[in-house]
Amino acid sequence: MTATPSQNPYPVTPGLVAGPTFDQELCELVLDTAPRLFAVVQVCGSGLADADGWVVAWGLVDRDGPTHVIGIDGRARMTLASPERALRHFAGRPGITSQLVWLAQPGAAGLDRAEAA
């Protein structure tokens with residue numbers, strides 16, 4: 001019996017294991033390229049003591065790319081040129097305004113779900 005050569009164009013070299021340094025580089029890459037996350041909120045009675053607000057959509061935007069917005073009910077999905085354009089789509093009735101609320105930039109990343117939570 002003769003051994004046949006591997007058909008894998010990317011053979012695995014034994015003994016080379018991704019260490020914590022590579023994992024850290026991956027986490028830094030993710031943090032550097034993460035899109036910004038924001039909410040579109042509607043506010044009733046803005047500036048009044050009994051003002052009320054609620055989230056109507058979530059969005060994310062890349063540095064130089066388009067903005068993606070999804071309504072909280074999942075029915076409205078949009079790709080827009082900028083986050084501010086989402087405000088037009090969620091303009092409410094008279095007395096209700098829309099505004100963006102930005103989440104803070106993430107400061108940490110992890111390779112497992114529990115670690116990132």
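Worth knowing before you read on, the calculation uses all heavy atoms, side chains too, and leaves out hydrogens, waters and symmetry mates.
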Checklist line | Closest approach of A109 to C27 (non-hydrogen atoms, all atoms of both residues) | finding: O-SG, 3.7 Å
Next item on the list: For residues G45 and A51, report the shortest heavy-atom separation together with the two atoms involved.
Entry: O-CB, 3.1 Å
Checklist line | Residue pair P66 / T79: nearest heavy atoms and the distance that separates them | finding: CB-CG2, 3.7 Å
Next item on the list: Could you list the residues that satisfy side-chain contact (heavy atoms from CB on, under 4.5 Å) with T33, not counting sequence neighbours?
Entry: L29
Item checked: Fellow cluster residues of V30, listed by chain then number, with links counted only when side-chain atoms sit under 4.5 Å apart -> none
Note to self: With rounding to the nearest 0.5 angstrom, report the SG to CG distance, C44 to D50.
What the structure shows: 8.0 Å
Next item on the list: Give the other cluster members for L100, using side-chain heavy-atom distances under 4.5 Å between Ile, Leu, Val, Met, Phe, Trp and Tyr residues; answer none if it is isolated.
Entry: F38, V40, W54, V56, V61, V69, M78, L80, L87, F90, I96, W102
Notebook entry, point to check: Same cluster or not: are L103 and L31 linked, directly or through other Ile, Leu, Val, Met, Phe, Trp or Tyr residues, by side-chain heavy atoms under 4.5 angstrom apart?
Noted result: no
Next item on the list: Not counting sequence neighbours, list each pair that qualifies as a salt bridge (charged side-chain N to carboxylate O under 4.0 Å, His left out) and has a residue in residues 73-101.
Entry: D73-R75
Margin query: For A39 versus V55, what's the shortest heavy-atom pair and its separation?
Written below: CB-CG1, 4.2 Å
Margin query: Hydrophobic clustering (ILVMFWY, side-chain heavy atoms < 4.5 Å, transitive) - are I72 and L37 grouped together?
Written below: yes
Check: Of the non-hydrogen atoms in A91 and Q42, which two are nearest, and what is the gap between them?
Finding: C-NE2, 4.2 Å
Checklist line | Contacts of E28 that satisfy side-chain hydrogen bond (donor to acceptor under 3.5 Å, both in side chains) - sequence neighbours left out | finding: Q24
